[in-house]
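Remember, it's a predicted structure, so these values are computed and weren't measured experimentally. Each chain gets a letter, A, B and so on, in the order its sequence line appears, and its residues count up from 1.
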2 protein chains.
Amino acid sequence: MATLKDVAVLAGVSVKTVSNVVNGYEFVKPENRRRVEDALNATGYRPNLGARNLRRGRTGFIALVVPELSIPYFGELAGGIIAAAAEHDWSVLIEQTQGDRARERKVITDLGPHMVDGAIVSPQAVVPDDIATPGVPVVLLGEHPLPLPLDHVGIDNVTAARTAVHHLIDLGRTRIAVIGQHPTRGTATQRLAGYRQAIAEAGLTEIVAPALRYHHSDGALAMTELLDRPERPDAVFCFNDMLALGAVRVAHDRGLRVPDDIAIAGFDNTEHSAYSVPSLTTIAPDKAALARAAVDLVHRRAIDKEDFPPQDVSIPFALEVRESTTP
Amino acid sequence: MATLKDVAVLAGVSVKTVSNVVNGYEFVKPENRRRVEDALNATGYRPNLGARNLRRGRTGFIALVVPELSIPYFGELAGGIIAAAAEHDWSVLIEQTQGDRARERKVITDLGPHMVDGAIVSPQAVVPDDIATPGVPVVLLGEHPLPLPLDHVGIDNVTAARTAVHHLIDLGRTRIAVIGQHPTRGTATQRLAGYRQAIAEAGLTEIVAPALRYHHSDGALAMTELLDRPERPDAVFCFNDMLALGAVRVAHDRGLRVPDDIAIAGFDNTEHSAYSVPSLTTIAPDKAALARAAVDLVHRRAIDKEDFPPQDVSIPFALEVRESTTP
DNA sequence: AAACGTCTTTACATCGTTGGCACAACGTTG
DNA sequence: CAACGTTGTGCCAACGATGTAAAGACGTTT
């Protein structure tokens, strides 16, 4: 692979002149510029990014830390982040934590300032101590362990959950259950709070089912348990779409009609939710805006070296009403 | 951020000795080792990977190039690759091409040998010329532009498609359509070939519908068009699960029962297919094996510097029979 | 023609790390 | 006690790029 030196020898100029051409420096004699460009083409020169970044003090990478890429929400999110990062000439390095606190912590620590210019983290179980001094700008997504002086981008989970549950209440449902309670996930806590507010406001009683991970099978399990209770719920709000679709599936297997016998709503508006049978009512965060906001924040801190107090950016969301709650 | 030099000063030894400790060199006086380790802890030293890799000639990254991470199949695949790469101390850099040939080409060219140690590419539209001399080991997934001397890992798409279609034939269906024909996607070509073989073997007539991208909406569109034809199909084989679920949705909207009126099968066995209503019969490639095989091949070439003729690794698959084809 | 200012190019140091090698320290051996 | 092998350590160069600053080229002004 050709280096600057090779090109310089071929063009008969110094290494620095080649570097100047490559970097678009203005004052290069046209004659030399041409010869250098010819040599660049002839050798097929590509800058060694490692060396360049070593010198420049930036790496050209940002890290995206998510629990699991196989969860469609995170796949869609990652896609948006990669696209937004590309506009800043950043490549995205993705790490998976499986929602495990130890791994979240390790990844964040190892990120050191040498590997990436910044990081976007979708935390599930980290506690403030874990992210104490990351060394590079870190933006948190979705959840925000409160006492932490880090930027945060997300939707208002409490309000979103309340909105969804109010929608179910407006349908006239009275036994409204929730699926997704979780001991450590921050978003779960917030969504549960929103659910509780709405239920309290309507004077109903809470029906809470936990979920360990947030896959279909967890939703199915929780739904089975709910339907086995003496007082069957007539509506269920799930903390993500996969839980909801797992629940729909179980309702269907039990011979219950959705939404007539039981209305079901999800969260995230993943692509499947619009095409499932029945299609799924869900909270739709503006994922593109989320990705852009997160990348921009990292960029301002990491590259523009701006210094400003920790931001808390709230991204708009919408309630997408579909068949699973429309009798 | 602490460097080797800082640690060396603190420990009162030379930079090289610290380097030796960090790299587990055997012959270091216990006394010095202890002091260095203390200094390492005190400073919270992290190696500068850029510098290390510049020196060592490897980067610690591999690239994964996929069309879109928001497609669940690629999300699941990426998850597997990241996990497999982690076992070789590799981080994974993901680039999206949107299935666009120019971008596939650009990404592969820019990968240069400086940014990544190797690449795993899931091509959609590249032609052999584009990947002529990648400079780093490249493993192709799924599709293999034939005259190319590159490693390839994938399932036997022709046989898989034939298997799926035979399954539909065994159900007694006679008007079996296919959704997903595409002018440039290699896997589409192969799956279509498998479909054609099966149809020919059974003496039936081909019913072919194209798809531009492979999202739900494309499946829905194609299905609508198929159902508008005078002779309605009684079975449809789709080139991925999203197409199939889009098709299921349209069938449902038309008041057709799946599978009684029309059987539908997909491809990829993404997590949703097991929980949709009806659950989806699909071809299930062993994704974990696929990821492992691809990463191992890159590793053998990039790190072990093995030299061997281009491999063509065939990964097993299974036909997952579910409700959408079980009356 | 000397002095000056503007362009243009180059030599050199540097980023943080590791390989190669020389040398120092040490205990063994003849 | 000289020669030796084994350990342990440090110096230097190098990876490929870029910032600095100084030197060279050239035309213009006095």
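The side chain of L4(A) sits closest to dT18(D) out of dT18(D), dT9(C), dT10(C). When each of dT18(C), dG8(D), dT9(C) is scored by its nearest atom to the side-chain atoms of R52(B), the top-ranked nucleotide is dT18(C).
With hydrogens and angles ignored, a donor-acceptor pair closer than 3.5 Å exists between the side chain of K16(B) and the base of dG19(C). Side-chain N/O atoms of R55(B) and base N/O atoms of dT18(C) include a donor-acceptor pair closer than 3.5 Å.
Under the 6.0 Å distance and 45° angle rule, R301(A) counts as a cation-pi partner of F308(A). Both cation-pi conditions hold for R185(B) and Y214(B): the charged atom is under 6.0 angstrom from the six-membered ring centre and inside a 45 degree cone around its axis.
What separates NZ of K5(A) from P of dT18(D) is a distance of 16 Å, to the nearest Å. One can place CG of L40(B) at 14 Å from C1' of dT17(C), the figure rounded to the nearest angstrom. Rounded to an integer number of Å, the gap from K29(A) NZ to dG27(D) P is 11 Å. Atom pair E26(A):CD and dC7(C):C1' shows a separation of 10 Å (rounding to whole Å applied).
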Applying side chain to side chain contact (heavy atoms under 4.5 Å, CB included), run through L297(A) and V295(A) and close with a yes or a no. CA-CA 5 Å; L297(A) 270 177; V295(A) 172; over 6 Å; no
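With 3.5 Å as the limit, one finds no donor-acceptor pair spanning the side chains of D117(A) and H299(A).
Look at S19(A) and you won't find any side-chain N or O under 4.0 angstrom from OP1 or OP2 of dA17(D). Residue R56(B) has a polar side-chain atom (N or O) positioned under 4.0 Å from OP1 or OP2 of dT18(C). Close to dT17(C), at under 4.0 Å from its OP1 or OP2, lies a side-chain N or O of Y45(B). Regarding contacts with the backbone of dT18(C), a side-chain N or O of N23(B) is found under 4.0 angstrom from either OP1 or OP2. Remark: T17(A) is not in phosphate contact with dT8(C), judged by side-chain N or O atoms under 4.0 Å from OP1 or OP2.
Among the atoms of the strands shown, base atoms are found under 4.0 Å from some heavy atom of V15(A).
Heavy-atom distances to DNA chain D give each of N20(B) and A51(B) a nearest nucleotide, and the one nearer the 5′ end belongs to N20(B).
Atom CD1 of residue I155(B) and atom CG of residue D286(B) lie 10.5 Å apart, to the nearest 0.5 angstrom.
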